[in-house]
Amino acid sequence: MTLKELNFFYKLCDNPNVSQIANEINISQSAISLAIKSLEGKLGESLFDRVGKKLILNERGKYFKELTYEHFIAISDSKNIFKKNKLAGKLNIAASKTIANYMMPNIYYTFLSKYKDVKLDINSLNSSIIVEQILNGKLDIGLIETSFDNTNIVKEKLIDDELIVVTSDKNAPKECFIDTIDKKWILRESGSGTRDIFINKLGDLAKDINIFMELYEFDEIKKILIKNKDTITAISKVAVEEELKTKQLFQIKLKNIDFKREFHLIYNKNKNKNKLFLTFKDFIESQLIKNQ
């Protein structure tokens with residue numbers, strides 16, 4: 001049975017005059033009669049007694065209406081959910097660690113406070129996994145800190161970022177060549193955007209650095225650095241702003257190397273760009289630029 005058939009049925013329950021109903025909804029009487037016959041055929045029951053041009057609801061019809069009317073109203077209302085509020089729905093989002101931990105939490109909060117019928121499934125993953133999940137359709141939007149090229153993914157620049165080298169050794173040189181640093185490097189795991197940018201920028205010099213540990217979380221790396229002056233790392237400047245301000249960590253500038261990079265928003269080229277998707281994407285972009 002269809003919603004159209006049910007709609008005709010309930011209208012005739014209130015007014016058995018077929019011609020009046022036909023005029024009211026601007027449809028032919030025969031179309032209404034055919035719809036009611038179709039409904040009765042599917043149910044295997046006659047719902048109306050035919051009296052002249054009128055259809056009089058019989059006992060089976062009254063019983064059918066009693067059992068179904070509330071469900072019909074609920075289904076009819078559900079059809080209008082997206083007409084009334086195009087921003088009702090759910091998005092699956094993932095951001096790489098720097099972006100997820102230090103830039104996005106308040107943006108998520110502000111968006112959800114503004115659009116109360118929206119749900120966000122929020123994840124923090126490394127950049128390579130985000131790219132993979134965008135390709136296989138598990139994510140609607142990814143926020144990453146590494147560069148890549150894939151014709152199946154749309155990549156939009158968000159803002160610029162910079163990796164810096166830091167240590168807790170306040171007596172370390174303020175500027176030097178990387179091959180003169182005699183400290184233990186604590187880096188993020190393979191697949192991390194931060195690590196990839198750092199290693200790629202070093203080129204051939206990467207093989208000469210002492211990678212002592214690889215960790216998944218920035219907070220773990222910072223804790224080790226603060227307690228051990230013989231350690232060092234490369235990290236996004238936004239991730240250590242507080243530690244630099246309180247002089248728990250100190251920056252070492254590397255001669256002849258800079259670690260400028262871009263944060264990107266990515267999505268599958270075949271993604272359905274509905275109003276919710278576009279509104280959230282624009283909101284992220286505007287907030288990050290405003291806070292830069």
Separation of L143 CG from T98 OG1 (nearest 0.5 Å): 12.0 Å
Same apolar cluster (I L V M F W Y, side chains within < 4.5 Å links), F72/I36: yes
Spatial distance of atom OG (S128) from atom CG (D196) [nearest 0.5 Å]: 7.0 Å
S96 side chain vs S127 backbone, donor-acceptor pair below 3.5 Å: no
Working for side-chain contact (heavy atoms from CB on, under 4.5 Å), residues V154 and N268: CA-CA 6 Å; V154 178; N268 195 294; over 6 Å; no
Closest contact, heavy atoms only, N126 versus S192: CB-CA, 4.0 Å
Heavy-atom donor-acceptor pair, K183 side chain to K229 backbone, under 3.5 Å: yes
Counting only pairs under 3.5 Å, give me each side-chain donor-acceptor contact of residues 258-265, with atom names and distances, residues two or more places apart or in other chains.
{"residue": "D258", "atom": "OD1", "partner": "K260", "partner atom": "N", "Å": "3.1"}
{"residue": "R261", "atom": "NE", "partner": "D161", "partner atom": "OD2", "Å": "2.8"}
{"residue": "R261", "atom": "NH1", "partner": "E145", "partner atom": "OE2", "Å": "3.1"}
{"residue": "R261", "atom": "NH2", "partner": "E145", "partner atom": "OE2", "Å": "3.4"}
{"residue": "R261", "atom": "NH2", "partner": "D161", "partner atom": "OD2", "Å": "2.9"}
{"residue": "E262", "atom": "OE1", "partner": "H264", "partner atom": "NE2", "Å": "3.1"}

K281 atom NZ, over 12 foreign heavy atoms within 6.0 Å: yes
Least distance between heavy atoms, L57 atom then K62 atom: CD2-CG, 3.6 Å
Residue pair E132, K138: steps toward the salt bridge (Lys or Arg N to Asp or Glu O under 4.0 Å) verdict: CA-CA 9 Å; E132 179 185 331; K138 290 184 178 179; over 6 Å; no
Transitive ILVMFWY cluster of L67, excluding itself - 4.5 Å side-chain cut-off: Y63
Single-linkage hydrophobic cluster, 4.5 Å side-chain cutoff, I164 and I99 together: yes
Contact summary for L139 and A94, nearest pair of heavy atoms: CD1-CB, 3.5 Å
Partners passing side-chain hydrogen bond (donor to acceptor under 3.5 Å, both in side chains) against D140 (at least two apart in sequence or in another chain): K271
Pairing residues for K42 by the salt bridge (charged side-chain N to carboxylate O under 4.0 Å, His left out) criterion, not counting sequence neighbours: E5
Any donor-acceptor N/O pair, S236 side chain to L163 backbone, under 3.5 Å: no
Shortest non-hydrogen contact between Y108 and A95, atoms and distance: OH-CB, 4.1 Å
Interatomic spacing from CG in D121 to CG in L91 - rounded to 0.5 Å: 10.0 Å
Shared hydrophobic cluster, L288 / L278 (ILVMFWY, side-chain heavy atoms < 4.5 Å): yes
Results of side-chain hydrogen bond (donor to acceptor under 3.5 Å, both in side chains) for Y10 - residues two or more places apart only: T68
Residues K255, D179: salt bridge by 4.0 Å N-O rule: no
hydrophobic_cluster_shared for I197 and I232, side chain cutoff 4.5 Å: yes
Validation row: I235, V165 side chains within 4.5 angstrom (heavy atoms): no
Set of residues satisfying ring pair (Phe, Tyr, Trp, His ring centres under 6.0 Å) with respect to F280, sequence neighbours excluded: F111
Nearest-0.5 Å distance, CD1 of residue I284 to OG1 of residue T279: 11.5 Å
Residues in salt bridge (charged side-chain N to carboxylate O under 4.0 Å, His left out) contact with E214, at least two apart in sequence or another chain: R195
Expected output: side-chain N58 to main-chain R60 donor-acceptor under 3.5 Å: yes
Results of side-chain hydrogen bond (donor to acceptor under 3.5 Å, both in side chains) for K253 - residues two or more places apart only: none
Between OG1 on residue T194 and CD on residue E189, distance to nearest 0.5 Å: 9.0 Å
Near-ring test Y267/F277, centroid separation under 6.0 angstrom: yes
Between D169 and T167: side-chain donor-acceptor atoms closer than 3.5 Å: no
Hydrophobic cluster (4.5 angstrom, side-chain heavy atoms) - remaining members for F177: none
Results of side-chain hydrogen bond (donor to acceptor under 3.5 Å, both in side chains) for E241 - residues two or more places apart only: none
Axial cation check for F148 ring with K155, 6.0 Å and 45° limits: yes
Residue pair K207 / D204: nearest heavy atoms and the distance that separates them: NZ-O, 3.0 Å
Short side-chain to backbone donor-acceptor contact, N228 and I224, under 3.5 Å: yes
Residue pair Q133, L125: steps toward the side-chain contact (heavy atoms from CB on, under 4.5 Å) verdict: CA-CA 10 Å; Q133 292 197 1; L125 304 168; 3.9 Å; yes
Non-hydrogen atoms of T110 and F283 that approach each other most closely: CG2-CZ, 3.7 Å
Main-chain N/O of L34 paired with S38 side-chain donor or acceptor, under 3.5 Å: no
K247 (side chain) donor-acceptor with L244 (main chain) under 3.5 angstrom: no
D182 atom CG, over 12 foreign heavy atoms within 6.0 Å: no
Pairs satisfying ring pair (Phe, Tyr, Trp, His ring centres under 6.0 Å), at least one member in residues 26-48, at least two apart: F9-F48
Any donor-acceptor N/O pair, N23 side chain to S19 backbone, under 3.5 Å: yes
Members sharing Y216's hydrophobic cluster (side chains within less than 4.5 Å): none
Residue of the set E242, E217, Q248, E243 for which side-chain hydrogen bond (donor to acceptor under 3.5 Å, both in side chains) holds with K222: E243
In one Ile/Leu/Val/Met/Phe/Trp/Tyr side-chain cluster, 4.5 Å: I141, M104: yes
Other residues, nucleotides, ligands: >12 heavy atoms within 6.0 Å of K223 NZ: no
Nearest-0.5 Å distance, OG of residue S124 to CD1 of residue I93: 13.0 Å
